Amino acid sequence: MAVSFPKCPSSPLPPLQTSNRACSLPLSAPFQVGDSSKWALLEATKRCHLSVSATNGGSAVAPVEPSKKVQDSGTKTTPTDHSTKVENGFRPTVFSSNEFQDLKTGPDDSGRESTVSITVVGASGDLAKKKIFPALFALYYEGFLPKHFTIFGYARSKMTDVELREMVSRTLNCRIDQRENCDAKMEEFLKRCFYHSGQYDSEAHFVELDKKLKQHEGSRISNRLYYLSIPPNIFLDVVKCTSLAASSENGWTRVIVEKPFGRDAESSAALTRGLKQYLHEDQIFRIDHYLGKELVENLSVLRFSNLVFEPLWSRQYIRNVQIIFSEDFGTEGRGGYFDSYGIIRDIMQNHLLQIVALFAMETPTSLEAEDIRNEKVKVLRSMKTLEIDDVVIGQYKSHTRGGVAYPGYTDDKTVPNDSLTPTFAAAALFINNARWDGVPFLMKAGKALHTKRAEIRVQFRHVPGNLYKKCFGTDLDRATNELVIRVQPDEAIYLKINNKIPGLGMRLDRSNLNLHYAARYSKEIPCAYERLLLDAIEGERRLFIRSDELDAAWALFTPLLKELEEKRIAPELYPYGSRGPVGAHYLAAKYNVRWGDLGAEH
Ligand SMILES: NC(=O)C1=CN([C@@H]2O[C@H](COP(=O)(O)OP(=O)(O)OC[C@H]3O[C@@H](n4cnc5c(N)ncnc54)[C@H](OP(=O)(O)O)[C@@H]3O)[C@@H](O)[C@H]2O)C=CC1
Ligand SMILES: O=C1O[C@H](COP(=O)(O)O)[C@@H](O)[C@H](O)[C@H]1O
């Protein structure tokens, strides 16, 4: 006879707060939660932060930091920098007292007005079209660009303003969750976009750009941001020309530099020296767009604001950490660039290593950029230089599936037939400090694999003297907890736990405590470039790479890269669309690790 137990009385949980906004509000913020305007949100956020750190009624003017323009070799001027000083890592404040305001709100009533000119150098290129202009539009749409801003495209291609606008308009779209006034907003945005054609090494052409910028800036304080979306061999030409001929005379000048930052320790150091001939370190914004991804930024929040994680975050409880990047397409269209870099330089030395640094750092003194970067650099400097025995490399080969032929890497016309450039790599890294001694940090990155995904997997140790050992069979590894931070796609954080299957017997299964972003948050997640562009405009350096971090990162990888190239080590071939070379499993097994992304259900 079936026995039924009385049901637990249902006790409704209090409703969850569904808005990010609620979290950032100070108790005393005079902000109406019902107010849907983006600007209201930004204003509220400002108040929130100001309520923590300042008591001047919300009109804080950032502390002045000198702008370090070099007029000519050796002569530095120090005009006022009206940049935002970010309070303890939050995005709170304004350029000057009246600049950062919604177009709808009209002019502010105090201080001299200022303006921001954003020049995309290499505007005719792939990255500019795919990411930069759309990100700028998204910022504009959301009301995050300052009242007075102008966008310039600069490249050698001949184009009129109208043609640039046509080109840009083809790539713009509005957020899925906010289509209101989309076309009108696009029109308004495009009217603020202009183009100047010129050579990258011609000071005269940058003087012409300077004149055009001045026309737009008028008598306002001029702040200028240059985004170098060009091949690295012309970075220095452009930096020299902008610095000598087109930097701001009374505001700040900042330069966003895209990767690759060199090919090895020496070339990277040479690039840094070159940049520093014309710019100060705090004018250089080395972008690593992975740092702008929502879940990468959230790593510190997860760790430092939840008591349940931080005490476990060490060799005592963590068995291994895996950072996995895979793409389900090859180098299509970028083979020329890729062949002289390869996957280790393209993904591991920067994106994945930055994740390791953020993951493993000690608690920073504060959320200020320098405090965080100091901790990251300590991690990088504590790491063991990579050795060839701890690395597996692969290259994809052609494969036919379902009647479709997928090309191999060397089938790309821009790639030499005998190229040994790795399109896949797996590596075991170690951090020689008290917290992480002996814990393998396994990285895996590959193109033309079976899936597109980026994730961090934290595998915890076995439960000592586990009472339920018998329920797991012989494979205790399968029973350990695993925390998965899925950076993309379909952002999620989930913790694999063992759970009793409901019923009268005692059977356990693996279940997930799952924070699935799409289900939890209704707002679309901004693209990494939006966050980073906004940070650069605001002068927030937390998510950009400092030169000593870069040096430390290259020091780890350079000997390995040299050895691979000098010895012409052949990569293991893997079929397009597969899970990559089998060697990756041997590497993991060497450290008693099983990759967490195996199997259909992971
Ligand atoms: N595309 C991407 O997804 C990513 C790119 N990056 C980095 O961003 C930067 C820009 O990338 P991307 O847009 O793909 O690059 P492109 O190859 O598209 O180059 C951008 C522009 O630079 C000019 N250019 C290209 N080659 C040369 C050359 N040899 N000499 C002078 N000018 C040249 C061209 O403009 P014109 O001829 O009109 O002057 C071109 O439109 C690079 O540093 C790249 O490594 C980083 C991450 C991702
Ligand atoms: O930096 C790079 O990143 C992209 C992958 O970026 P994602 O944001 O789409 O994950 C990669 O395709 C490219 O090779 C590399 O240069």
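Remember, it's a predicted structure, so these values are computed and weren't measured experimentally. Heads up: numbering here begins at 1 and tracks the sequence. When a ligand or atom number is given, it counts from 1 through the structure's own listing order.
Using a 4.0 Å cut-off between charged nitrogen and carboxylate oxygen, R531 and E294 count as a salt-bridge pair. Salt-bridge formation is detected for the pair D346/K259: a Lys NZ or Arg NE/NH1/NH2 atom is positioned less than 4.0 Å from an Asp or Glu carboxylate oxygen.
Using a 4.0 Å threshold on non-hydrogen atoms, atom 29 (N) of ligand 1 does not count as touching the protein. Using a 4.0 Å threshold on non-hydrogen atoms, atom 17 (O) of ligand 1 does not count as touching the protein.
Only the side chain of R334 comes within 4.0 Å of ligand 1, counting heavy atoms alone; its backbone N, CA, C and O stay farther away. At a heavy-atom cutoff of 4.0 Å, ligand 2 is contacted by no atom of F338, backbone or side chain. Using a 4.0 Å cut-off between heavy atoms, R156 contacts ligand 1 through both its backbone and its side chain. With a 4.0 Å heavy-atom cut-off, ligand 2 is reached by no atom of R453. Residue contacts with ligand 1, taken as heavy atom pairs separated by less than 4.0 Å, involve K130 solely via side-chain atoms from C-beta onward. Residue-level proximity to ligand 1 for I234 is carried by the side chain, the only part with a heavy atom below 4.0 angstrom.
Against a heavy-atom cut-off of under 4.0 Å, K447 is close to the following atoms of ligand 2: 11 (C), 12 (O), 13 (C), 14 (O). Set against the non-hydrogen atoms of D126, the atoms of ligand 1 under 4.0 Å away are 1 (N), 2 (C), 3 (O), 13 (O), 14 (O), 18 (O). In the vicinity of A155, heavy-atom distances shorter than 4.0 Å reach the ligand 1 atoms 38 (O), 39 (O). Applying the 4.0 Å criterion to heavy atoms of Q488 picks out, from ligand 2, the atoms 7 (P), 10 (O).
Shortest contact from atom 40 (C) of ligand 1 to any protein heavy atom: S124 OG, 3.7 Å. Among all non-hydrogen protein atoms, the one lying nearest atom 6 (O) of ligand 2 is H289 NE2, 3.0 Å. Nearest protein heavy-atom neighbour of atom 23 (C) of ligand 1: Y200 OH, 3.5 Å.
Proximity of R286 to S547: side-chain heavy atoms (C-beta onward) are separated by under 4.5 Å at one or more points. Counting heavy atoms from C-beta on, the side chains of E455 and D597 come closer than 4.5 Å. Two residues are said to be in side-chain contact when any heavy atoms from C-beta on lie closer than 4.5 Å; Q322 and I456 fail this criterion. Counting only heavy atoms from C-beta outward, the side chains of T160 and E163 approach each other to under 4.5 Å.
With a 6.0 Å cutoff to the six-membered ring centre and a 45° limit on the axis angle, K293 counts as a cation-pi contact of Y290.
Just one residue in the list F194, F206, Y227 forms a ring-ring contact (aromatic ring centres under 6.0 Å, His included) with F152, and that residue is F194.
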Decide yes or no on ring-ring contact (aromatic ring centres under 6.0 Å, His included) for H516 and Y494, but give the supporting numbers first. CA-CA 8 Å; H516 182 212; Y494 54 96; 9.4 Å; no
Stepwise salt bridge (charged side-chain N to carboxylate O under 4.0 Å, His left out) test for E565 and R263: CA-CA 12 Å; E565 282 158 11; R263 293 189 79 253; 3.6 Å; yes
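The residue from K452, R334, E327 that puts a heavy atom closest to atom 12 (O) of ligand 2 is E327.
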